[in-house]
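All heavy atoms count here, side chains included; hydrogens, waters and symmetry mates do not. This is a predicted model, so every value here is computed, not measured.
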Amino acid sequence: MKHRIVVLGAGYAGAFAAGNLARRLSPADIEITVVNAVPDFVERMRLHQLAIGQDLTFRKLADVFAGTGVRLRLARVTGVDPQSRTVTVAGEEGDGELAYDTLLYTLGSSVAHHGVPGVAEYAFDVTGWSSALRLRERLAGLGAGGTVLVVGEGLTGIETATEFAESRPDVSVALAARGELGAWLSPKARRHLRQAFDRLGITVHEHTGIEAVEPTRAIAADATSIPADVTVWSAGFAVHPIAAASGLEVAETGQIVVDRTMRSVSHPNVYAAGDCAYAIGESGRPLPMSCASAGFTNMQATGAIIARLTGGEVPTTGLKYHGNHISLGRQDAIFQMVDGDVRPKSWYLGGRTAARLKSGVLKAAGWGIAHPTFGMPKRRRRLVTEPDQAGVRAAA
């Protein structure tokens with residue numbers, strides 16, 4: 001019987017992982033199934049562009065995995081049972097149950113409401129395909145002189161605010177930050193960021209926590225009312241409660257607690273990668289939810305799975321950030337180098353050069369998704385007779 005690998009989610013972590021597994025493991029020994037709720041690969045790093053009305057073409061997952069041997073199941077994951085090693089799904093093909101021998105959990109994250117009244121009812125976000133399209137429709141109907149408030153001063157908030165201001169100079173764009181705008185950047189990069197906001201005419205409300213969202217305004221902690229025909233909520237991410245409900249050990253965030261190899265500390269046949277993995281980086285702190293973390297963790301998870309199934313030595317993938325890349329519209333960006341403790345170095349790259357570098361990163365990621373196996377090798381590794389025992393030996 002073939003070893004069944006099931007990958008939940010086909011975002012940056014899941015799609016790359018499935019392709020890597022198919023490229024390096026023999027189809028005579030394994031079968032790989034990817035479960036995803038939508039038929040397209042969603043480039044999450046570009047959803048703010050989609051929301052503002054730019055024409056983007058996302059790849060069909062059926063085309064992405066064609067010829068790779070990876071099976072695609074378009075369905076929504078409704079439950080995981082690590083005791084019986086099954087996953088329950090619901091979709092157009094009907095409800096069903098998938099059995100697995102190894103599970104790679106990469107369901108990602110969604111927007112975190114933080115219990116703020118009105119966010120669920122009135123705010124928009126750019127964390128998913130459907131939510132970005134909903135925002136796109138709302139912005140298309142927003143006339144000149146309208147107001148847009150972006151809540152959150154992280155990467156998503158900054159990129160969203162600058163993209164909107166550049167693409168829609170006829171509307172007023174503001175950003176609400178709990179702290180100082182760009183406080184985590186070096187002084188020179190912070191100055192570049194502020195200059196970009198000034199150039200684009202973005203109003204910044206610093207040290208402003210939003211306590212409620214209403215249809216045409218947001219209410220700050222000090223009771224200040226900020227006009228907002230459209231509120232875009234980008235104040236953090238949250239994972240789906242499925243992992244916690246399944247009995248897997250999770251952190252307070254709901255993320256699956258994993259060891260250095262991205263293996264669940266409570267269930268050795270389950271691995272996690274991307275936003276849903278509670279992984280400790282080389283800085284000694286949990287990795288942030290980001291596309292970069294998806295890259296680190298999916299490489300570590302797939303390397304560990306392959307090694308344990310084939311009796312090899314488990315490799316160690318670096319879990320260290322080298323910098324943050326922030327788009328400031330289509331013609332400007334910041335690349336901030338960081339040290340081992342994720343503190344900003346004095347050096348940064350800005351302007352058109354940084355924007356071209358960010359564009360190259362996005363294109364490279366898109367190419368990688370379009371070619372998930374990077375060309376099938378002539379020879380792929382066979383599994384050992386008893387993969388579970390090989391896993392025990394490799395982990396020792």
Salt bridge (Lys or Arg N to Asp or Glu O under 4.0 Å) against [X], all qualifying residues, sequence neighbours excluded:
| X | result |
| --- | --- |
| Arg199 | Asp332 |
| Asp229 | none |
| Arg76 | none |

ring-ring contact (aromatic ring centres under 6.0 Å, His included) contacts in which one or both residues fall within residues 9-41, not counting sequence neighbours: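 For residues 9-41: Tyr12-Phe41.
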Listing request: all ring-ring contact (aromatic ring centres under 6.0 Å, His included) pairs with a residue in residues 245-272, at least two apart in sequence or in separate chains.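 Pairs touching residues 245-272 that pass the test: none.
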Say whether, by atom type as modelled, one donor and one acceptor occur between the side chain of Glu159 and the main chain of Ser327 under 3.5 angstrom.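 The answer is yes, because a donor-acceptor pair under 3.5 Å joins these two groups.
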Which heavy-atom pair separates Glu153 from Ile158 by the least distance, and what is that distance?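 That would be O-CD1, 3.5 Å.
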Shortest non-hydrogen contact from Ser264 toward Val258: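 What the structure gives for the nearest pair is N-CG1, 4.1 Å.
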Suppose clustering is done on Ile, Leu, Val, Met, Phe, Trp and Tyr with side-chain heavy atoms closer than 4.5 Å. Which residues sit in the same group as [X]?
| X | result |
| --- | --- |
| Leu349 | Phe335, Met337, Trp347, Leu357 |
| Met289 | Phe237, Val239 |
| Val213 | Val111, Val116, Val119, Tyr122, Leu149, Val151, Ile210, Ile226, Trp233 |

Passes salt bridge (charged side-chain N to carboxylate O under 4.0 Å, His left out), Arg263 versus Asp259? Steps please. CA-CA 5 Å; Arg263 194 183 209 178; Asp259 63 16; 5.6 Å; no
For Ser293 and Tyr321, does a side-chain donor sit closer than 3.5 Å to a side-chain acceptor?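 Note: Ser293 and Tyr321 side chains meet the donor-acceptor criterion.
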Gln54 and Arg46: side chain donor to acceptor below 3.5 Å: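 The answer is no; no qualifying pair exists.
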Sequence neighbours left out, what pairs pass salt bridge (charged side-chain N to carboxylate O under 4.0 Å, His left out) with at least one residue falling in residues 161-171?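 Applying salt bridge (charged side-chain N to carboxylate O under 4.0 Å, His left out) to every pair that reaches into residues 161-171, excluding sequence neighbours, yields Glu163-Arg330, Arg168-Asp170.
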Enter the distance from Ile30:CD1 to Lys2:NZ here, rounded to the nearest 0.5 Å.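 So the CD1 of Ile30 and the NZ of Lys2 are separated by 8.5 Å.
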Table please: side-chain donor-acceptor pairs of residues 240-250 below 3.5 Å, with sequence neighbours left out.
unit_1	atom_1	unit_2	atom_2	d
His240	ND1	Ile242	N	3.1
Ser246	OG	Ala243	O	2.6
Ser246	OG	Leu248	N	3.3

Before giving the answer on side chain to side chain donor-acceptor pair (under 3.5 Å), spell out for Thr33 and Tyr100 the whole-Å C-alpha distance, their side-chain angles and the decisive distance to 0.1 Å. CA-CA 9 Å; Thr33 301; Tyr100 67 83; over 6 Å; no
His48: partners by ring-ring contact (aromatic ring centres under 6.0 Å, His included), with sequence neighbours left out: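 His48 satisfies ring-ring contact (aromatic ring centres under 6.0 Å, His included) with no residue once adjacent residues are dropped.
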Restricting to pairs with a member in residues 171-190, which pass side chain to side chain donor-acceptor pair (under 3.5 Å), not counting sequence neighbours?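 Checked against side chain to side chain donor-acceptor pair (under 3.5 Å) - neighbours excluded - the pairs reaching residues 171-190 are Ser186-Gln336.
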Under the criterion salt bridge (charged side-chain N to carboxylate O under 4.0 Å, His left out), I'd like the reasoning laid out for Arg44 against Asp275: C-alpha separation, chi angles, the key distance, then a yes or no. CA-CA 12 Å; Arg44 191 168 183 176; Asp275 288 356; 3.6 Å; yes
Where does the angle between the aromatic ring planes of His192 and Tyr348 fall among parallel (under 30°), tilted (30 to 60°) and perpendicular (over 60°)?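 Perpendicular.
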Given the rule in the side chain to side chain donor-acceptor pair (under 3.5 Å) test, do Arg308 and Thr261 qualify, once you have shown the distances and angles that lead to the verdict? CA-CA 11 Å; Arg308 288 177 174 136; Thr261 70; 3.1 Å; yes
